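Note that the structure is a prediction, hence the values are computed from the model and not measured.
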Number of protein chains: 2
Amino acid sequence: MPASKGMPPKPEGPGERVGHAVEQVGQVVEQAGIAVGQAVDDIGGYIRSQRESAQVSLRQLARTAGVSNPYLSQIERGLRKPSAEILQQIAKGLRISAEALYVKAGILDEKPASDVTDAVFADPTLTERQKQVLLDIYQSFRRENDKPVVLGPSTELPDHEE
Amino acid sequence: MPASKGMPPKPEGPGERVGHAVEQVGQVVEQAGIAVGQAVDDIGGYIRSQRESAQVSLRQLARTAGVSNPYLSQIERGLRKPSAEILQQIAKGLRISAEALYVKAGILDEKPASDVTDAVFADPTLTERQKQVLLDIYQSFRRENDKPVVLGPSTELPDHEE
DNA sequence: GCACTGTGCTTGCAACAGCTAGCGCTCGGG
DNA sequence: CCCGAGCGCTAGCTGTTGCAAGCACAGTGC
C-alpha cells in the first residue's frame, strides 16, 4: 500500500491476489486503531456515533463546535486526546451535555442512577400538569428508543432541520 | 532589585528609602499577578486557599497530588492552566471533589439542585439529545412557574400556595 | 471531458502543559 | 560558623495538543 495523503486508496486493486493482501493489511491497521481508541475509553468512537446519529458531517460538526476538522478527525480515530475545553465545544456542536463527554473521557464520574418518573413527581417546582407533560414526553422518547433503528432517523431528521 | 532565582529577596533593604521603594514595586507586581489569576476564574487562588486552610505546604500537596511542586506553584499563581487530569489529582491531594475544581476552572457548570436533572442524565434509556431536550423543557417550565401571572392564576395560584 | 463542492484524512509546525535540575532563603541543631 | 531539612520559585527542556495547508476521492452540473 503506497503512502498516500488524504483519503485512503480504494481496496480495488489491479488483481485479486493483491486486493486480498491489501484488505488483510487494512484490517490489521484498523484493529490497531480500535485498540488505541478503546484505551482512552472510546471517547472518539462515542463522538463519531453521536455525530452520525445526528447525520452531521465531520466538517459540519467541526465548524459548529469551533474546532479544526482534521483535529476532530484525529479525536474520533483516537489519535489525539482532547482537553476538557475541546470536549465542551464538541458537546455544544452536538447539542449534548458536556458532562456526557466528560464521563466518557474519564474525567467525570457517572452519576448514580435514579428514576426519572419519581424525581419528576417529587419535584416541588413543577405544577402537576407540567409533570404530566414532561413524563409524556419522557415516555414517548423511550418508546422511540425501543423501536427498531428504522424509526430512529425519522425522529432525528426534524431536529436536524432545526 | 537584582534578578534572583528561587525565593524573592527579603524586603529588608540596606536603607529605609530603598526598602520602601522595593515594597511598592513588589505590590504592583503582586496585583498584576492577581489580575491574571482572576482572568482564569481564579482556580489558582482557590487551590491555594484550600491548601492553606488545610495547613499543607505546596510541596506536601504536590507530593500527595502527584504533580511537580514547581508546576503546582505556577498553577496557584495563575501562570499555567492545568488540564482536567491535573485538577483531578490536585483534588485528590486536597481531599475535595474534582467537580468543585472543574466548576472553578470553568469546565463544568454548577449543578442546579434538582433530582430531575440527575435522573435524566443518568437514564440509560434516553439518547443524549433527548436528555437535553427534556431538560430544556423542564427548565422552561420552572421559569414559567417563577412568573405565575403569565399562565393565568387559575392553574398557577393553587400550586403556588402549596 | 471539465470545474466545482463536499468528504475525511495527512503532514508539519507553533504554542503550551508538565517536568527536572537547581536556586536563594529560613530555621534548627551541633 | 557549619550542615541538613524545609520552603516556594526560576529556567530550560520534552512531549503533546490543536491548528493551517493541503491531499485524494466522490458526487454533481455543464
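- In this structure, the nucleotide among C:dC19, D:dC9, C:dG18 sitting nearest to the side chain of B:R48 is D:dC9.
- Between B:K104 and B:E99 no salt bridge is recorded (no basic side-chain N to carboxylate O distance below 4.0 Å).
- Remark: B:A91 pairs with B:I96, B:A98, B:L101 by the side chain to side chain contact (heavy atoms under 4.5 Å, CB included) rule, at least two apart or across chains.
- Looking at heavy-atom distances under 4.0 Å, B:Q60 makes contact with sugar-phosphate atoms alone, never a base.
- OP1 and OP2 of D:dG6 both lie 4.0 Å or more from every side-chain N or O belonging to B:S57.
- Note: CG (B:L79) to C1' (D:dC9) measures 10 Å, nearest angstrom.
- The phosphate of C:dG8 has neither OP1 nor OP2 within less than 4.0 Å of any side-chain N or O from A:Q74.
- Within the 4.0 Å cut-off from OP1 or OP2 of C:dC9, at least one side-chain nitrogen or oxygen of A:R77 is found.
- Residues of residues 84-95 of chain B having a heavy atom closer than 4.0 Å to DNA chain D: none are found.
- Separating the CZ atom of A:R63 from the C1' atom of D:dG18 is a distance of 18 Å, rounded to the nearest angstrom.
- Between C:dC9 and A:S73, a contact under 4.0 Å exists linking OP1 or OP2 to a side-chain N or O.
- Listed by chain and residue number, B:K131 satisfy the salt bridge (charged side-chain N to carboxylate O under 4.0 Å, His left out) test with B:E128 (two or more places apart in sequence, or in another chain).
- Atom OH of A:Y71 is separated from atom P of C:dT10 by 15 Å (rounded to the nearest Å).
- Considering only residues two or more places apart in sequence or on other chains, A:Q132 meets the side chain to side chain contact (heavy atoms under 4.5 Å, CB included) condition with A:D136.
- Taking atom CD on A:Q55 and atom P on C:dG6, their separation rounds to 18 Å, with Å as the unit.
- Between B:R51 and the phosphate of D:dG8, there is a side-chain N or O to OP1/OP2 separation shorter than 4.0 Å.
- Atom-to-atom, CG of A:L72 to C1' of D:dC19 comes out at 13 Å; the value is rounded to the nearest Å.
- Distance CD (A:E52) to P (C:dT7): 13 Å, rounded to an integer number of Å.
- The side chain of A:R80 sits closest to D:dT17 out of C:dG8, D:dT17, C:dA17.
- Counting distance only, with no hydrogens placed and no angle test, the side-chain atoms of A:N69 and the base atoms of C:dC9 include a donor-acceptor pair under 3.5 Å.
- Between A:V56 and A:Q50 there is no side-chain heavy-atom pair separated by less than 4.5 Å.
- Residue B:R59 has its side chain nearest to C:dG22 when only C:dA17, C:dG22, C:dG8 are considered.
- Proximity note for B:V67 (side chain, C-beta onward) versus D:dG8, C:dC19, C:dG8: the nearest is C:dC19.
- Contacts of A:E76 classified as side chain to side chain donor-acceptor pair (under 3.5 Å), with partners at least two apart in sequence or in another chain: A:R48, A:R51.
- Residues that satisfy the salt bridge (charged side-chain N to carboxylate O under 4.0 Å, His left out) test with A:E52, not counting sequence neighbours, are absent from this structure.
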